[in-house]
Colleague: 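Sharing a structure with you now.
Quick caveat, the model's predicted, so the values are computed rather than measured.
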Amino acid sequence: MQTKKRPVFLEMPVLIRALPVPGIVSILHRASGVIMFLMVPVLLMLLDGSLSSGESFASYKAVASHPLVKLILIGVLWAFLHHLCAGIRFLFLDAHKGVDLQTCRKTAKLVLAVSLSLTVILGVALW
């Protein structure tokens with residue numbers, strides 16, 4: 001009697017360490033899209049409230065100056081920048097440009113570096 005090999009359940013941290021860089025960029029692209037999708041109503045509500053009157057703008061400005069809120073907004077900024085950079089990379093891949101293994105790995109690392117660098121630069125400027 002031959003026993004079958006059972007599938008192995010990999011927890012998320014183990015799975016992420018096992019993925020190559022292009023796979024991590026792909027997962028982060030999807031996660032950043034979900035983050036932006038969930039934050040759009042919140043950001044629109046904040047914009048609407050801040051435009052309603054001068055007093056509400058001052059109260060929203062006070063809320064936005066809290067360090068935790070700033071970190072959340074910087075997280076949303078990262079999500080936007082990563083989604084933008086990875087989306088451009090995926091457009092090139094869809095056009096069959098840079099599909100060989102070495103170029104694919106280099107562009108994935110470039111996406112991570114550029115999105116994090118832009119987030120740090122813009123985050124420091126906006127802090």
Colleague: Just verifying a value: how many Å separate Leu47 CG and Ser50 OG, rounded to the nearest 0.5 Å?
Modeller: 5.0 Å

Colleague: Is it true that Leu28 and Val114 fall in one hydrophobic cluster, defined by side-chain heavy atoms closer than 4.5 Å?
Modeller: no

Colleague: Evaluate side chain to side chain donor-acceptor pair (under 3.5 Å) for Ser53 paired with Ser56, printing each intermediate quantity in order.
Modeller: CA-CA 5 Å; Ser53 70; Ser56 65; 3.2 Å; yes

Colleague: Parallel, tilted or perpendicular for Phe90 and His29, by the 30°/60° rule?
Modeller: perpendicular

Colleague: Linking I/L/V/M/F/W/Y whenever any side-chain heavy atoms sit under 4.5 Å apart, do Leu84 and Val76 land together?
Modeller: no

Colleague: Per the side-chain contact (heavy atoms from CB on, under 4.5 Å) rule, which among Arg30, His82, Lys109 passes with Val25?
Modeller: His82

Colleague: Could you state the interatomic distance from CG (Leu51) to CG (Asp48), rounded to the nearest 0.5 Å?
Modeller: 7.0 Å

Colleague: Are Leu43 and Val40 connected in a single hydrophobic cluster, I mean Ile/Leu/Val/Met/Phe/Trp/Tyr linked by side-chain heavy atoms less than 4.5 Å apart?
Modeller: no

Colleague: Between CG of Leu73 and CG of Leu46, what distance do you get to the nearest 0.5 Å?
Modeller: 7.5 Å

Colleague: Under 4.5 Å between any side-chain heavy atoms of Leu71 and Trp127, yes or no?
Modeller: yes

Colleague: Do the side chains of Trp78 and Leu116 get nearer than 4.5 Å, heavy atoms only?
Modeller: yes

Colleague: Taking Met45 as the starting point, is it possible to reach Val69 by hopping between hydrophobic residues whose side chains are less than 4.5 Å apart?
Modeller: no

Colleague: Heavy atoms only: give me the nearest Val111-Cys85 pair and the separation to one decimal.
Modeller: CG2-O, 3.8 Å

Colleague: Nearest 0.5 Å please: distance from the CZ atom of Arg105 over to the CG atom of Leu110.
Modeller: 16.0 Å

Colleague: With the 4.5 Å side-chain cut-off for hydrophobic clustering, are Ile74 and Phe80 part of the same group?
Modeller: no

Colleague: So do Pro22 and Arg89 actually touch side chain to side chain, heavy atoms under 4.5 Å?
Modeller: yes

Colleague: Rounded to the nearest 0.5 Å, how far does OG1 of Thr107 lie from CD of Gln102?
Modeller: 11.0 Å

Colleague: Using every non-hydrogen atom in the two residues, find where Ala79 and Ser32 come nearest and quote the distance to one decimal.
Modeller: O-CB, 3.4 Å

Colleague: Under the rule for side-chain contact (heavy atoms from CB on, under 4.5 Å), what residues qualify as partners of Ile121, not counting sequence neighbours?
Modeller: none

Colleague: As an exercise, state the distance from NZ of Lys70 to CG of Leu77, rounded to the nearest 0.5 Å.
Modeller: 13.5 Å

Colleague: Spell out, as yes or no, whether a donor-acceptor pair under 3.5 Å connects the side chain of Thr119 to the backbone of Ser115.
Modeller: yes

Colleague: Looking only at non-hydrogen atoms, find the nearest pair between Val42 and Leu38 and report the distance.
Modeller: CG2-O, 4.2 Å

